[in-house]
Amino acid sequence: MAEITAQQVQSLRSKTDLAMMDVKKALVEAGGDEAKAMDILRKKFADKMSDRADKETANGRIGVFADDKGAALVEMRCETDFVGGNDAFKALANSIAETALKSNVTDAEKLKAAKAGDRTVQDLLVDAFGKLKENIGLKRASRIEGFGACYVHHNGKVAAAIACDKAPGEAGRQICMHIASTMNIAGLTRNEVDAASVSEARAKAADEAKGKPEQILNKIVEGNMVKLYAELVLLEQPFVMDDKKSVQEFAKENGFAVKAFIKYEVGGLK
């Protein structure tokens with residue numbers, strides 16, 4: 001039997017954050033080979049993850065990543081708020097978001113098989129379980145292409161990302177903050193607003209203006225529609241940090257245009 005040194009145990013423990021006895025047993029079983037010991041530990045904790053699979057994962061956080069190729073968000077779930085705010089869980093979520101963007105895989109199950117460096121996302125999930133001892137899951141993922149920017153709220157539960165025609169810098173992050181803080185966004189442009197809702201709003205405005213001369217009636221209706229779009233369309237919304245300009249105007253002042261966006265909230269339906 002290979003003699004396992006304290007240095008070997010400490011080295012593997014620093015990489016896994018597992019109990020000393022678990023690490024030493026794995027090293028003994030692997031004959032002192034650290035890579036084999038890591039595989040043993042992953043298998044061991046994968047089995048334990050299966051045992052906890054029925055535990056409710058009502059908490060979590062949104063992982064974010066953006067670069068000059070695009071942006072991605074992932075929704076990660078866990079059992080408790082304590083783990084949801086853990087730095088290791090945060091790093092895991094962001095790493096998986098980066099993998100989603102770079103692998104072009106957004107199906108949650110398929111993303112688990114995608115490579116994150118020299119390991120798969122599933123390996124990362126197992127490693128995280130070994131450290132955090134909770135049922136951890138990947139719920140969903142989305143990506144958009146372009147010059148990216150992202151923002152995640154301090155509680156980790158709400159996040160947004162945009163893709164632009166040019167590098168947006170800090171202004172892009174501020175627009176992501178606007179998106180994260182805004183409750184009602186139907187789409188990026190008017191074309192994305194539900195047609196039935198538009199027709200209903202137009203008919204309601206016309207009914208309220210009934211009896212007015214046609215020219216005035218049309219102005220009233222169009223005025224009401226402008227107000228509606230300013231509520232629902234991202235680019236036409238008053239920018240949260242300066243409501244004298246729209247989001248589109250703020251972006252233009254900073255030299256870029258927003259081409260796509262994503263917003264995630266833990267427990268969201270989409």
Side-chain angles (χ1 to χ4, degrees), residues 42 45-46 49 52-53 55-132 134-164 168 172-173 175-177 179-182 185 188 258-270:
R42 286 194 187 108
F45 288 110
M49 283 177 73
R52 290 190 68 89
K55 296 291 184 180
E56 184 180 7
T57 53
N59 293 287
R61 73 174 295 115
I62 307 302
V64 300
F65 181 78
D67 62 15
D68 62 358
K69 298 293 191 299
L73 303 181
V74 298
E75 181 181 354
M76 301 294 299
R77 292 294 191 89
C78 57
E79 296 176 36
T80 65
D81 259 340
F82 177 77
V83 165
N86 183 281
D87 286 343
F89 191 63
K90 177 181 178 180
L92 171 70
N94 292 345
S95 177
I96 295 176
E98 179 178 2
T99 302
L101 178 65
K102 294 182 176 180
S103 68
N104 196 22
V105 177
T106 54
D107 178 273
E109 287 304 312
K110 292 179 181 177
L111 184 55
K112 291 177 184 178
K115 284 286 189 177
D118 60 350
R119 291 182 289 167
T120 66
V121 167
Q122 180 62 27
D123 289 336
L124 298 183
L125 292 171
V126 173
D127 290 350
F129 174 81
K131 294 180 180 180
L132 302 172
E134 279 197 9
N135 187 15
I136 293 169
L138 170 62
K139 183 71 173 179
R140 54 179 172 151
S142 296
R143 66 187 295 280
I144 46 180
E145 295 184 354
F147 289 88
C150 59
Y151 165 79
V152 58
H153 191 58
H154 65 82
N155 65 6
K157 295 182 182 296
V158 181
I162 58 173
C164 310
R173 181 177 177 275
I175 289 177
C176 291
M177 291 175 68
I179 295 167
S181 67
T182 303
I185 304 177
L188 181 70
V258 179
K259 298 300 183 183
F261 78 96
I262 322 166
K263 179 180 178 180
Y264 268 16
E265 184 169 357
V266 172
L269 299 178
K270 294 181 179 181

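For this chain, numbers begin at 1 and follow the sequence in order. Below, all heavy atoms of this structure are taken into account, side chains as well, without hydrogens, waters or symmetry copies.
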Q.
Working to the nearest 0.5 angstrom, can you tell me the gap between Leu101 CG and Ile96 CD1?
A. 14.0 Å
Q: State the CG-OG1 distance between Asn135 and Thr80, to the nearest 0.5 angstrom.
A: 11.0 Å
Q.
So that I can tick it off, tell me whether Lys263 and Glu265 are bridged by a salt bridge, with the cut-off set at under 4.0 angstrom between side-chain N and carboxylate O.
A. no
(Q) Using only atom types and a distance under 3.5 Å, with no angle test, would you say the side chain of Asp68 pairs donor to acceptor with the backbone of Phe147? (A) no
Q: Identify the heavy atoms of Lys112 and Thr120 that sit nearest to each other, and give their distance.
A: O-CB, 3.6 Å
Q.
I'd like to check Pro168 versus Ile175 (side-chain heavy atoms, cut-off strictly below 4.5 Å). Are they in contact?
A. no
Q: Compare every heavy atom of Ile144 with every heavy atom of Ile162, then report the nearest pair and how far apart it is.
A: C-CD1, 3.6 Å
Q: Check the pair Tyr151, Ile179 against side chain to side chain contact (heavy atoms under 4.5 Å, CB included), reporting the backbone distance first and the verdict last.
A: CA-CA 9 Å; Tyr151 165 79; Ile179 295 167; over 6 Å; no
Q) Shortest non-hydrogen contact from Ala114 to Thr99? A) CB-CG2, 3.9 Å
(Q) Between Glu134 (side chain only) and Cys78 (backbone N and O only), is there a donor and an acceptor less than 3.5 Å apart? (A) no
Q: Please round to the nearest 0.5 Å and tell me the distance separating atom OG of Ser103 and atom NZ of Lys110.
A: 11.5 Å
Q: Ignoring hydrogens and angles, tell me if any N or O in the side chain of Ser181 forms a donor-acceptor pair with the backbone of Met177 under 3.5 Å.
A: yes
Q: Determine yes or no for a side-chain-to-main-chain donor-acceptor pair under 3.5 angstrom, with Arg77 supplying the side chain and Gly60 the backbone.
A: no
Q | Verdict with reasoning, Glu98 to Asp67, per side chain to side chain contact (heavy atoms under 4.5 Å, CB included) | A | CA-CA 9 Å; Glu98 179 178 2; Asp67 62 15; over 6 Å; no
Q: Spell out, as yes or no, whether a donor-acceptor pair under 3.5 Å connects the side chain of Asn86 to the backbone of Val83.
A: no
Q: Under the side chain to side chain contact (heavy atoms under 4.5 Å, CB included) rule, what do Leu125 and Gln122 come out as? Steps first, then yes or no, please.
A: CA-CA 5 Å; Leu125 292 171; Gln122 180 62 27; 3.8 Å; yes
Q) Quick one: are Asp81 and Lys157 in side-chain contact, heavy atoms under 4.5 Å? A) yes
Q: Check for a donor-acceptor pair, side chain of Glu75 on one end and backbone N or O of Gly267 on the other, with a separation under 3.5 Å.
A: yes
Q | Nearest heavy atoms of Gly156 and Val266, plus distance in Å | A | O-CG2, 4.4 Å
Q: Quick one: pull up CD1 in Ile185 and CZ in Phe261 and give me the separation to the nearest 0.5 Å.
A: 5.0 Å
Q | Point-to-point distance, once rounded to the nearest 0.5 Å, from SG of Cys150 to CD1 of Ile62 | A | 12.0 Å
Q. With side chains defined as the heavy atoms from C-beta onward, is the minimum distance between Asn94 and Val152 less than 4.5 Å?
A. no
Q: Return yes when atom NZ of Lys69 has more than 12 non-hydrogen atoms of other residues, nucleotides or ligands closer than 6.0 Å, and no otherwise.
A: no
Q) What heavy-atom pair brings Leu73 and Val64 nearest, and what distance separates the two atoms? A) CD2-CG1, 3.4 Å
Q) CG of Asn155 to CZ of Arg61: how many Å apart, nearest 0.5 Å? A) 8.0 Å
Q) If you look at every heavy atom in Ala72 and Ala100, which pair is closest and at what distance? A) CB-CB, 4.4 Å
